[in-house]
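Computation of the quantities below employed the complete heavy-atom set of this structure, encompassing side-chain atoms and omitting hydrogens, waters and symmetry-equivalent molecules. Every number for a ligand or one of its atoms is a count from 1 in the order of the listing.
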Amino acid sequence: RPLPIVAIDGPAASGKGTLARRVADALGFALLDTGALYRAVALSMIRSGADLDDPAAAAAAARALTADDIARLTADPALRQDDTAAGASRVSAVTGVRLALLEFQRAFAACPPGGAAGAVLDGRDIGTVICPDAPVKLFVTASVEVRARRRFDELRGRGETPSFPDVLADMQARDARDSNRAIAPLVPARDAVVLDNSDKDVRQSFEEAMQVIRARL
Ligand code: C5P
């Protein structure tokens with residue numbers, strides 16, 4: 001019997017984080033936001049003044065992270081800043097970084113903390129690389145314009161004054177980096193169900209996802 005794992009992948013601002021949280025709550029499963037791990041690597045490098053474009057430094061920073069470091073850095077408000085996200089996108093293209101974070105993610109999926117009956121992992125390569133045998137794989141997406149609009153509204157909500165063309169250009173640049181990198185690019189697994197929520201609200205997306213999940217778990 002396969003471990004009850006729900007793999008949720010998709011691009012930035014696709015709503016996969018919100019969906020993963022709701023699905024994990026509904027099923028009583030443990031949740032791992034794997035993007036936070038890449039952000040933690042970037043943040044630790046920013047804090048130590050390391051060069052984010054040096055692959056050896058990035059791999060070393062990822063290998064040096066302990067579970068305690070991960071807990072501390074992922075709780076840091078700076079984790080959600082745009083420069084941390086951009087740094088995460090850069091370090092995530094480094095093989096040594098991905099390898100260093102692989103075991104942490106697999107261990108979480110195999111043995112979810114808190115004695116949970118299953119795990120939900122959200123990221124970019126959960127269905128393709130981290131948990132290729134997951135019984136449920138969702139690929140959550142929306143048009144780049146819709147995702148840029150969501151990010152724009154989120155930034156304004158935080159009191160920032162972004163320009164929409166800049167936000168859209170950043171989103172396109174991050175999509176291109178994540179989709180075109182040589183290692184673990186952002187692509188749906190062959191057996192993933194693609195859910196496009198461009199025209200759906202959070203509740204509709206959740207219900208659609210739960211139908212797929214119930215049919216497969
Ligand atoms: O999802 P989030 O915006 O927190 O991810 C930050 C960056 O981490 C992404 O742009 C992507 O480059 C990288 N990432 C990844 N693989 C994952 C999760 C995130 O490469 N499983």
Side-chain angles (χ1 to χ4, degrees), residues 5-24 30-46 52-53 55 58-59 61-62 65 70 73-109 119-132 134 137-142 144 146-148 150-152 154-155 158 167-189 192 195 197:
I5 294 167
V6 179
I8 304 185
D9 292 305
S14 59
K16 68 183 186 307
T18 303
L19 179 67
R21 165 91 275 153
R22 289 187 153 223
V23 165
L31 172 66
L32 182 63
D33 163 11
T34 65
L37 304 176
Y38 296 89
R39 288 171 183 259
V41 174
L43 186 56
S44 78
M45 294 181 78
I46 292 168
L52 286 153
D53 286 316
L65 284 188
I70 290 174
L73 289 163
T74 55
D76 192 311
L79 197 79
R80 292 289 140 207
Q81 283 168 8
D82 280 354
D83 55 338
T84 309
S89 175
R90 276 142 75 193
V91 301
S92 70
V94 178
T95 306
V97 171
R98 304 202 73 86
L99 273 177
L101 299 178
L102 181 77
E103 279 319 308
F104 185 90
Q105 297 172 81
R106 291 229 173 116
F108 187 100
V120 178
L121 285 84
D122 83 89
R124 302 291 190 288
D125 64 339
I126 309 304
T128 49
V129 176
I130 307 296
C131 303
K137 298 179 185 178
L138 305 178
F139 191 88
V140 180
T141 191
V144 70
V146 167
R147 291 184 291 112
R150 289 177 187 158
R151 180 55 46 84
F152 177 78
E154 182 190 323
L155 292 171
R158 279 195 233 152
V167 174
L168 180 62
D170 281 353
M171 191 67 71
Q172 285 164 331
R174 188 133 78 101
D175 282 359
R177 253 196 321 263
D178 290 349
S179 305
N180 298 327
R181 68 184 174 211
I183 177 174
L186 174 68
V187 284
L195 302 177
N197 61 32

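Between Arg22 and Asp122, none of the side-chain N atoms (NZ, or NE/NH1/NH2) sits under 4.0 Å from a carboxylate O, so this pair counts as no salt bridge. By the 4.0 Å N-to-carboxylate-O rule, Arg150 lies too far from Glu154 to be salt-bridged with it. Electrostatic pairing of Asp125 and Arg98 counts as a salt bridge here, judged by a charged N lying under 4.0 Å from a carboxylate O. We find that Asp53 and Arg90 are joined by a salt bridge, their nearest charged nitrogen and carboxylate oxygen being less than 4.0 Å apart.
Between the side chains of Arg124 and Ser92, no donor N or O sits under 3.5 Å from an acceptor N or O. No hydrogens or angles considered: nothing links the side chains of Ser89 and Arg174 as a donor-acceptor pair under 3.5 Å.
Atoms of ligand 1 found under 4.0 Å from any heavy atom of Ala88 (numbered from 1 in listed order, with element): 6 (C), 7 (C), 8 (O). Shown in contact with Lys16 at under 4.0 Å from a heavy atom are these atoms of ligand 1, numbered in order with element: 1 (O). Residue Ser92 has at least one heavy-atom neighbour below 4.0 Å for each of these atoms of ligand 1: 11 (C), 12 (O), 13 (C), 20 (O).
Under a 3.5 Å cut-off, the side chain of Arg147 and the backbone N or O of Ala12 do form a donor-acceptor pair.
Compare Arg39, Arg80, Arg174, Arg177 by their heavy atoms: the one nearest to atom 10 (O) of ligand 1 is in Arg174.
Closest approach of Ile5 and Ala109 over heavy atoms only: CD1-CB, 3.8 Å.
At a heavy-atom cutoff of 4.0 Å, ligand 1 is contacted by no atom of Ala12, backbone or side chain. Of the heavy atoms in Arg181, only side-chain atoms (C-beta onward) come closer than 4.0 Å to ligand 1.
Closest to atom 9 (C) of ligand 1, if we only count protein heavy atoms, is Arg124 NH2, 3.3 Å. Nearest protein neighbour of atom 19 (C) of ligand 1, counting heavy atoms only, is Gly35 CA, 3.5 Å. In terms of protein heavy-atom proximity, atom 8 (O) of ligand 1 is nearest to Tyr38 CB, 3.6 Å. Among protein heavy atoms, atom 16 (N) of ligand 1 sits closest to Arg98 NH2, 3.0 Å.
In terms of polar-atom proximity, Asp178 is counted as a contact of ligand 1, with an N or O under 3.5 Å from an N or O of the ligand. The N/O atoms of Thr34, backbone and side chain alike, include one that comes under 3.5 Å of an N/O atom in ligand 1.
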